[in-house]
Amino acid sequence: VRWYMGASIINTKGVRGGLAWSMGYTELNQRDSFWASWIHLVYWPSLSQKMIRESIQFQRTDGKVPTTVLPIIERNDDVDTNMYFVLRIWRYWEWYRDFQFLKETWPAVVKAVRWLLSRDREHIGLPMAVSYWADWLDVRGFESRTYAPHWCLLWLAVLERSVQMADVVEDFDVAREMRGHLTRATEIVNREYAEGGLWRDGRYVDRWAPGKGYATDYTYTDQSVGPLFGVVPLSRVSRVLDSLYKCEGRMGTRDVYPFIDGFPDYAPGVYANGGVYPWLNAVYAWSLYRAGLPHRAEDLFVRLGHYDLERNVSSSPPGGTYFANEFLHGVTGDNEGQPIQAWNGAWFGTMYFGRFGLQRVFDERDNDTSLYEMVLWGVEDRIDTSIVL
């Protein structure tokens, strides 16, 4: 874990003016930074606050959080940026129960959610993509994808957590409004594909603009955010995870499988067409822990670590073995992409909160109680799919 965790530390940067951020490249991207900064949440809360405040500083008046800040890069069409921004504020509240900080950041949460609501272009309750910039699979070939499991399931998590935060700050009008949006969005996401939803044959699938896109016979591993955040109905969790098992290969789980036929620019196993991403394997493994499947999670980690950190000595950049890369080739297992991706540090969160099951149970500490308790997922014969910090 420490080799992946190191990427988060290496990519935590500061400048003379006192700004600080953590990302996979050279700027603060909410998506990458969210997964990279679980270690910051635990060990450096003031730094976590600083990165949230910096993000709010650059939030547009319409509620859009820029694609990246420090420096500003704005692609306008990304929807998961705002989602990860909201979830970042929620997780800080959930772990520290800092009411004043939540109250300070709450207006930015409301603005961010309202911007996402404005992306419901078809008035069905879900933010709609209008370009391939919608989420992390931001490459040519996804231009006509209108809805995808990753951001639609994240949207349910955002609405649910927004209701929780609204109740805490006693913004009951917003809480009531968000509950209505959550009910509507949950229904459409879980509706059968033939009836306009995303559910098909035991997992969630893309929806494309009429007459465009690819046959939905493939499965995305990034839908594991659904079981992780507890927004997949319990009756469907095991079916989703069984479907995702088919995405696994000898070196870890691929981002999509079967490979997409006719996908531009990327051959089978490369990048967005079946690459094996360490950060995504961490999210998937975390969902397995939450579902009481620790043996599957740890077997996945062993295989990924072997191929990414031990086997690929000759293909690593200077530094040799134990030099994590952006992704592994989904067929050969060779290291590909850029080295030292900060969001590979998601493995810290997977182990700290997933494997060891740390969760906050009290707002205040007294002489007889601890603030936190540990739950060893999978010890008992039950499924608990809710991410609780």
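What you see is a predicted model; the values in this text were computed from it and never measured.
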inquiry  = Among residues at least two apart in sequence or on other chains, which ones pass salt bridge (Lys or Arg N to Asp or Glu O under 4.0 Å) with R75?
reply    = none
message = Using modelled atom types and a 3.5 Å cut-off, is there a donor and acceptor pairing between side-chain atoms of R236 and backbone atoms of N190?
response = yes
key: Side-chain touch R203/Q223, heavy atoms, less than 4.5 angstrom   = yes
request  = Return yes if a side-chain donor-acceptor contact under 3.5 Å exists between H40 and S8, otherwise no.
outcome  = no
key: Validation row: P127, D120 side chains within 4.5 angstrom (heavy atoms)   = no
request  = Would you please indicate if the ring centroids of W38 and W286 are separated by under 6.0 Å?
outcome  = yes
inquiry  = For a side chain to side chain donor-acceptor pair (under 3.5 Å) check, start with the C-alpha distance between W93 and D98, then their side-chain angles and the critical distance, and finish with the verdict.
reply    = CA-CA 6 Å; W93 156 254; D98 186 335; over 6 Å; no
query = Using the ring of each side chain (for Trp, its six-membered ring), is Y352 parallel, tilted or perpendicular to F348, with breaks at 30° and 60°?
reply = parallel
message = Please tell me whether R53 and Q57 have a donor and an acceptor in their side chains that are separated by less than 3.5 angstrom.
response = no
ask   = With ring centroids as reference points, do W151 and W136 lie under 6.0 angstrom apart?
value = no
task = Go through the steps for Y193 and W199 under the test ring-ring contact (aromatic ring centres under 6.0 Å, His included), then give the verdict.
result = CA-CA 5 Å; Y193 181 83; W199 181 254; over 10 Å; no
query = Without hydrogens or angle criteria, can the side chains of R254 and N273 be said to hold a donor-acceptor pair below 3.5 Å?
reply = no
ask   = Between R207 and T146, does any side-chain donor sit less than 3.5 Å from a side-chain acceptor?
value = no
key: S144 side chain vs K212 backbone, donor-acceptor pair below 3.5 Å   = no
remark   = Given the options V276, T253, D299, L304 meets side-chain contact (heavy atoms from CB on, under 4.5 Å) only with V276
message = Quick check on the 6.0 Å ring-centre criterion: do F263 and F259 meet it?
response = no
message = Looking only at the side chains, is there a donor atom on one of E248 and Y284 sitting less than 3.5 Å from an acceptor on the other?
response = yes
key: Evaluation steps, side chain to side chain donor-acceptor pair (under 3.5 Å), between S33 and R88   = CA-CA 9 Å; S33 186; R88 188 173 195 147; 2.9 Å; yes
message = Strictly below 4.0 Å, N to O, side chains only: are E177 and R114 in salt-bridge contact?
response = yes
key: Lys/Arg N to Asp/Glu carboxylate O, E94 vs R161, below 4.0 Å   = no
task = Using only heavy-atom distances, determine whether the side chains of D206 and Y220 contain a donor-acceptor pair under 3.5 Å.
result = yes
task = Just say parallel, tilted or perpendicular for the rings of Y84 and W35, cut-offs at 30° and 60°.
result = perpendicular
ask   = Hey, are Q30 and T81 close enough side-chain-wise for a donor-acceptor pair under 3.5 Å?
value = no
task = Examine the side chains of E143 and S131 and answer whether a donor and an acceptor come within less than 3.5 Å of each other.
result = no
query = For the residue pair F34 and F229, does the interplanar ring angle fall in the parallel (under 30°), tilted (30 to 60°) or perpendicular (over 60°) class?
reply = tilted
query = Are R176 and D173 close enough for a salt bridge, meaning some N to O gap below 4.0 Å?
reply = yes
query = So, D308 versus N335: side-chain donor-acceptor pair below 3.5 Å or not?
reply = yes
message = Under a plain distance cut-off of 3.5 Å, with no hydrogens placed, do D334 and H329 share a side-chain donor-acceptor pair?
response = no
inquiry  = Regarding Y277 and Q341, do their side chains bring together a donor and an acceptor under 3.5 Å, going by distance alone?
reply    = no
ask   = Angle class for the F301/Y4 ring planes (parallel below 30°, perpendicular above 60°, tilted otherwise)?
value = tilted
request  = Check the pair Y92 / Y96 against ring-ring contact (aromatic ring centres under 6.0 Å, His included), numbers first and verdict last.
outcome  = CA-CA 6 Å; Y92 191 90; Y96 288 107; 4.9 Å; yes
query = Between S37 and R91, do the side chains contain an N or O donor and an N or O acceptor separated by less than 3.5 Å?
reply = yes
Residue from D78, D80, D77 passing salt bridge (charged side-chain N to carboxylate O under 4.0 Å, His left out) with R119 = D77
task = Run through V231, N82, V113 and flag the one making a side-chain contact (heavy atoms from CB on, under 4.5 Å) with W155.
result = V113
ask   = Is the side chain of T68 donor-acceptor paired with the backbone N or O of P71 at a distance under 3.5 Å, no angle test?
value = yes
T221 and D255 side chains, donor-acceptor separation under 3.5 Å = no
